[in-house]
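Below is one structure, written out as structure tokens; comments come after it.
Read the numbers this way: they start at 1 and go in the same order the structure lists the ligands and their atoms. Side-chain atoms are counted along with the backbone in the values below, which use heavy atoms only and exclude waters and symmetry mates. Source: prediction; values computed, not measured.
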Amino acid sequence: MLIKYKSSYEKISMGLLAFMPEEKNVKKLQQKIKKYEEDPRWQLYLWKEDEDIVGIVGVSLLEDDTVQLNHISVNPSFREEGIGKEMISALQEIYNGKLVPSVQTALFFAKCDSDNCE
Ligand SMILES: CC(C)(COP(=O)(O)OP(=O)(O)OC[C@H]1O[C@@H](n2cnc3c(N)ncnc32)[C@H](O)[C@@H]1OP(=O)(O)O)[C@@H](O)C(=O)NCCC(=O)NCCS
């Protein structure tokens, strides 16, 4: 189940975002979280599986009305169970199919597309 980020999830969110290959710098990670907290065009969601938070996706609303997937990450213990694809499907539903990838999420986004995970 996709749930909206709130500040009490900051630490778990940092941990999940740190699995993104380009998000290894702690200072930069903190700045990204701040951006998601403060900019209404940036939205962060967490994936809850039973009582565990095991995944994260972050999007930003672009000028042309599309919604860019900036971040997607799943706790390694829960990978290969379809959670990444489920998160993209849930976002496509929220944003009426207007989700587009960023450079950083393009590979998995394309994988999802080719598997018809919408
Ligand atoms: C990418 C990620 C979110 C996928 O999560 P997941 O829950 O394991 O994904 P799913 O179980 O829904 O899908 C697994 C499928 O995606 C493929 N896959 C995993 N990571 C991939 C990637 N970076 N690019 C393309 N395909 C990928 C797997 O090989 C698997 O393929 P299969 O269905 O043919 O066996 C997860 O591997 C992760 O957190 N990676 C680290 C963060 C990251 O690199 N994010 C950017 C990705 S472009």
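Rounding to the nearest 0.5 Å places CD1 of I56 at 8.0 Å from OH of Y36. E22 contributes atom CD, which lies 5.5 Å from atom NE2 of H71 (distance to the nearest 0.5 angstrom). Residue L16 holds its CG atom at 12.5 Å from CD of E23, rounded to the nearest 0.5 Å. Residue K111 holds its NZ atom at 16.0 Å from OG1 of T105, rounded to the nearest 0.5 Å.
In this structure, K27 places its NZ atom where only 12 or fewer heavy-atom neighbours from other residues, nucleotides or ligands lie under 6.0 Å away. Annotation: E93, atom CD; neighbour count of heavy atoms from other residues, nucleotides and ligands within 6.0 Å does not exceed 12.
When heavy-atom distances to ligand 1 are checked against a 4.0 Å cut-off, E81 comes that close only through its backbone atoms N, CA, C and O. Of the heavy atoms in P21, only side-chain atoms (C-beta onward) come closer than 4.0 Å to ligand 1. At a heavy-atom cutoff of 4.0 Å, ligand 1 is contacted by both the backbone and the side chain of L107.
Connection of I72 to L17 is not established within any shared hydrophobic cluster, with ILVMFWY side chains joined at heavy-atom distances below 4.5 Å, either directly or through further cluster members. Cluster annotation: Y5 and V54 are assigned to distinct hydrophobic clusters (Ile/Leu/Val/Met/Phe/Trp/Tyr, side-chain heavy-atom contacts under 4.5 Å, transitive). Residue W47 is not grouped with residue I53 when hydrophobic side chains (ILVMFWY) are merged at heavy-atom distances under 4.5 angstrom, including chains of intermediate members. Linking ILVMFWY side-chain heavy atoms closer than 4.5 Å, directly or via other members, places F108 and L2 in a single hydrophobic cluster.
Listed by number with element, the atoms of ligand 1 under 4.0 Å from a non-hydrogen atom of T105 are 48 (S). For ligand 1, the atoms sitting less than 4.0 Å from at least one non-hydrogen atom of G82 are 10 (P), 11 (O), 12 (O), numbered in the order shown with element in parentheses. The Q104 neighbourhood of ligand 1 comprises atoms 46 (C), 48 (S), with distances under 4.0 Å to a heavy atom of that residue.
Considering M87, K85, R79 only, the shortest heavy-atom separation from atom 38 (C) of ligand 1 involves R79. Distances from atom 7 (O) of ligand 1 to the heavy atoms of C112, G84, P101, S114 put G84 nearest. In this comparison of F78, F19, F108, the heavy atom closest to atom 21 (C) of ligand 1 sits on F108.
Summary of contacts: the protein heavy atom closest to atom 34 (O) of ligand 1 is K111 NZ, 2.6 Å. Closest protein heavy atom to atom 8 (O) of ligand 1: E80 N, 2.8 Å. The single protein non-hydrogen atom nearest to atom 45 (N) of ligand 1 is I72 O, 2.9 Å, given as residue, atom name and distance. At the shortest separation from atom 39 (O) of ligand 1 among protein heavy atoms lies V74 N, 2.8 Å.
Below 3.5 Å of separation, one finds no N or O of A106 facing any N or O of ligand 1.
At least one protein heavy atom sits closer than 4.0 Å to atom 42 (C) of ligand 1.
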